[in-house]
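Step one of this worksheet: look at the structure below.
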Amino acid sequence: MLSIRTLREQTDRVRKALADRGAEVDLDRILRLDERRRELLRELEALRNRRNEASKEVGRIKRQGGDASAIMAEMREVGTRIKALEAEQREVEPQLQDLLLRVPNVPHESVPVGQTEDDNPVVRTWGEPPSFEFEPLPHWELGERLGILDFERAAKIAGARFVVLKGLGSRLERALIQFMLDLHTEEHGYTEVWPPFMVNSTAMTGTGQLPKFEEDLFHLTGTDYYLVPTAEVPVTNLHAGEILNEGSLPISYTAYTPCFRAEAGAYGKDTRGMIRQHQFDKVELVKFVHPDRSYDELEALTRNAEEVLRRLGLPYRVVTLCTGDLGFSAAKTYDIEVWLPGQGRYREISSCSNFEDFQARRANIRFRSKGEKGTRLVHTLNGSGLAVGRTVVAILENCQQSDGSVVVPEALRPYVKADRIEATV
RNA sequence: GGAGAGGUGGCUGAGUGGUCGAAAGCGGCGGUCUUGAAAACCGUUGGCCCGCGAGGGCCCGGGGGUUCGAAUCCCUCCCUCUCCGCCA
């Protein structure tokens with residue numbers, strides 16, 4: 001959420017940001033509501049001030065055994081007026097709040113203006129796409145032939161956009177989770193967290209999934225629980241409502257969770273294979289940082305995510321999301337895209353974002369500096385480190401051999417306890 | 001699911017209709033003393049909103065109500081703890 005002050009005082013800047021994003025927001029309605037809200041507040045506070053003074057007077061008179069009925073009668077009227085104003089306030093404030101919660105973040109000045117993913121500039125490329133002396137297979141064919149991926153049975157028990165992993169496929173998934181968590185905790189300084197996989201609507205609002213993107217979530221009927229679409233939600237909200245010590249920053253967490261996404265509006269996209277599933281595993285990186293440091297931290301966090309691909313020897317590139325492709329809450333995002341031979345192109349495997357104070361304002365996450373009065377909002381960041389299912393896809397497709405087997409990347413062998421995945425039939 | 005107890009500042013905890021944004025202790029910060037530290041002593045120490053400012057308002061789990069006036073009374077929701085039941 002942007003502060004109403006920013007909307008009020010930097011209206012043109014916000015208007016441009018919204019236009020660059022291609023976002024539809026009725027800024028003028030927000031500003032009118034804000035104006036009304038402040039009018040109400042001014043009048044209310046003046047009346048309350050009168051009432052407070054009068055109440056003190058009543059107390060004084062009564063203690064002296066006097067008659068305060070005249071003041072009390074007058075205050076009865078003031079009370080009625082206050083109630084009427086409060087009623088209007090109860091009307092205006094939630095409206096304003098709801099509208100504010102639906103305004104996207106302002107992109108950082110370094111974010112290129114553009115409309116679609118085709119406008120995302122490539123920042124860097126690492127590794128060489130492997131050349132094959134045969135036609136490389138897509139992962140779903142490889143996986144089914146190897147007996148480690150089973151889409152048909154997954155459809156039987158759950159439906160489309162699910163997969164069953166078997167044997168070394170299942171172990172590969174588990175090994176990757178372990179490998180990623182070990183790397184980030186032992187070498188990158190993150191603290192491991194294992195959060196709930198369901199959260200309430202307050203948490204979903206804190207990170208920006210609600211109120212605007214309810215249709216993307218799985219909501220448990222009759223409850224206020226939602227399945228987490230990413231560990232970003234439970235982990236960022238860990239410090240909701242807290243005032244942190246500046247000395248404790250940056251706070252860096254890594255968390256494994258399954259992620260659940262309704263994938264509404266993705267009909268017909270990536271229907272084959274395990275690129276776009278209703279349930280997938282992800283290891284997430286989350287940081288709470290000092291505002292002056294957040295862009296340095298974004299670079300570091302992105303490098304931490306990239307390191308996973310480097311260790312696995314998987315070719316990738318990093319792109320900067322342009323304004324039109326940027327997510328709702330983010331001020332700046334780098335996508336890490338891994339090379340997929342089965343598709344002959346790079347596909348997103350991690351998204352690393354700086355939200356600046358957008359989430360911190362929603363979730364009320366602040367810090368206090370020693371010797372300074374008052375509090376400031378922290379900046380929050382997060383990134384996938386990495387999406388596990390897509391990493392499995394990348395390994396299968398990049399490490400496939402002419403005989404249909406898959407060579408396990410060396411760094412992963414201690415975890416998989418195998419050098420190679422072969423058909424066992 | 002049933003019965004009970006309770007939610008007050010960073011923490012513990014007093015406060016049952018007015019002088020309470022709130023005692024006291026702990027913790028934090030600053031100082032005196034000390035080579036330094038500890039102890040002792042002194043001082044200080046919440047957040048949010050409106051306003052250029054002076055200043056004003058709000059916040060005692062959330063929301064609503066009663067009252068001239070609510071941390072205190074009433075309603076409602078949430079959460080925590082204890083016991084019982086159930087359960088991996």
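Chain A is the first sequence line, chain B the second, and so forth, proteins listed ahead of strands; every chain is numbered from 1.
Between B:G30 and B:C50, the two C1' atoms lie 33 Å apart (nearest whole Å). As rounded to the nearest Å, B:A39 and B:U32 have C1' atoms that lie 13 Å from one another. Comparing the same atom, C1', in B:A3 and in B:G57 gives a spacing of 43 Å after rounding to whole Å. Taking atom C1' in both B:U67 and B:C75, one finds a spacing of 16 Å when rounded to whole Å. Between the C1' atoms of B:G21 and B:C49, the separation comes to 16 Å (whole Å). With C1' as the reference atom, B:A70 and B:G63 are 15 Å apart, rounded to whole Å. Across B:C84 and B:U12, the matching C1' atoms stand 31 Å from one another, rounded to whole Å. Taking atom C1' on both nucleotides, B:G6 is separated from B:C60 by 14 Å, rounded to a whole Å.
Here A:R366 lies in heavy-atom contact (under 4.0 Å) with sugar-phosphate atoms only. Contacts of A:T375 with the nucleic acid, taken as non-hydrogen atoms under 4.0 Å apart, involve only primed sugar atoms and P, OP1 or OP2. If you check every strand for non-hydrogen atoms under 4.0 Å, A:K56 touches nothing. Within the nucleic acid shown, A:M75 comes within 4.0 Å of sugar-phosphate atoms alone, with no base atom in reach, counting heavy atoms only.
Applying the ring-ring contact (aromatic ring centres under 6.0 Å, His included) criterion to A:F218, with sequence neighbours excluded, gives A:H278. Applying the salt bridge (Lys or Arg N to Asp or Glu O under 4.0 Å) rule to A:D34 yields the partners A:R8, A:R37, A:R38; only residues at least two apart in sequence or on another chain are considered. In this structure, the side chain to side chain contact (heavy atoms under 4.5 Å, CB included) partners of A:I71, at least two apart in sequence or on a different chain, are A:A54, A:E57, A:V58, A:I61, A:M75. Under the rule for a ring-ring contact (aromatic ring centres under 6.0 Å, His included), A:H379 has no partner lying at least two apart in sequence or in another chain. Listed by chain and number, the residues in a side chain to side chain contact (heavy atoms under 4.5 Å, CB included) with A:R413 are A:V407, A:V408, A:E410, A:D419 (sequence neighbours excluded). Residues satisfying the ring-ring contact (aromatic ring centres under 6.0 Å, His included) criterion with A:Y334, sequence neighbours excluded, are absent altogether.
Atom CZ in A:F367 sits roughly 16 Å away from atom C1' in B:G47 (whole-Å rounding). Taking atom CZ of residue A:R48 and atom C1' of nucleotide B:A70, one finds them 14 Å apart after rounding to whole Å. The separation between A:L244 atom CG and B:G10 atom P is 13 Å, rounded to whole Å. Counting to the nearest Å, the P atom of B:C79 and the CG atom of A:N200 are 9 Å from each other. Taking atom CD on A:E74 and atom P on B:C68, their separation rounds to 13 Å, with Å as the unit. As rounded to whole Å, 18 Å separates atom P of B:G62 from atom CG of A:D224. Residue A:I243 contributes atom CD1, which lies 9 Å from atom C1' of B:G10 at whole-angstrom precision. Atom-to-atom, CZ of A:R361 to C1' of B:C49 comes out at 14 Å; the value is rounded to the nearest Å.
Among residue pairs with one or both ends in residues 19-62 of chain A, none qualify as ring-ring contact (aromatic ring centres under 6.0 Å, His included); sequence neighbours excluded. Applying the ring-ring contact (aromatic ring centres under 6.0 Å, His included) rule to pairs touching residues 90-115 of chain A yields A:H108-A:Y295, sequence neighbours excluded.
Of the charged side-chain nitrogens involved, none lies within less than 4.0 Å of a carboxylate oxygen, so that A:E246 and A:R376 do not count as a salt-bridged pair. The pair A:E397-A:R347 does not meet the salt-bridge criterion, since no charged nitrogen lies less than 4.0 angstrom from a carboxylate oxygen.
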Show me the side-chain donor-acceptor pairs of residues 169-181 of chain A shorter than 3.5 Å, one per line, residues at least two apart or across chains.
| residue | atom | partner | partner atom | Å |
| --- | --- | --- | --- | --- |
| A:R171 | NH1 | A:V416 | O | 2.6 |

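In RNA chain B, the stems built from three or more successive Watson-Crick or G-U pairs (distances below 3.5 Å) are B:1-7 with B:78-84, B:10-12 with B:24-26, B:27-32 with B:40-45, B:46-50 with B:55-59, B:61-65 with B:73-77.
Along RNA chain B, the nucleotide closest to A:R368 and the one closest to A:A73 are compared, and the more 5′ of them pairs with A:R368.
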Using the 3.5 Å cut-off, write out each protein N or O paired with an N or O of nucleotides 50-56 of chain B and the distance between them.
| residue | atom | partner | partner atom | Å |
| --- | --- | --- | --- | --- |
| B:C50 | OP2 | A:R5 | NH1 | 3.2 |
| B:G51 | OP1 | A:R38 | NH1 | 2.5 |
| B:G56 | O3' | A:N49 | ND2 | 2.8 |
| B:G56 | N2 | A:E45 | OE1 | 2.9 |
| B:G56 | N2 | A:E45 | OE2 | 3.3 |

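A side-chain donor-acceptor contact under 3.5 Å links A:R390 to the backbone of A:I275. A donor-acceptor contact shorter than 3.5 Å is absent between the side chain of A:R102 and the backbone of A:K212.
For RNA chain B, the neighbouring residues in residues 81-96 of chain A, judged by any heavy atom under 4.0 Å, are A:K83, A:R90.
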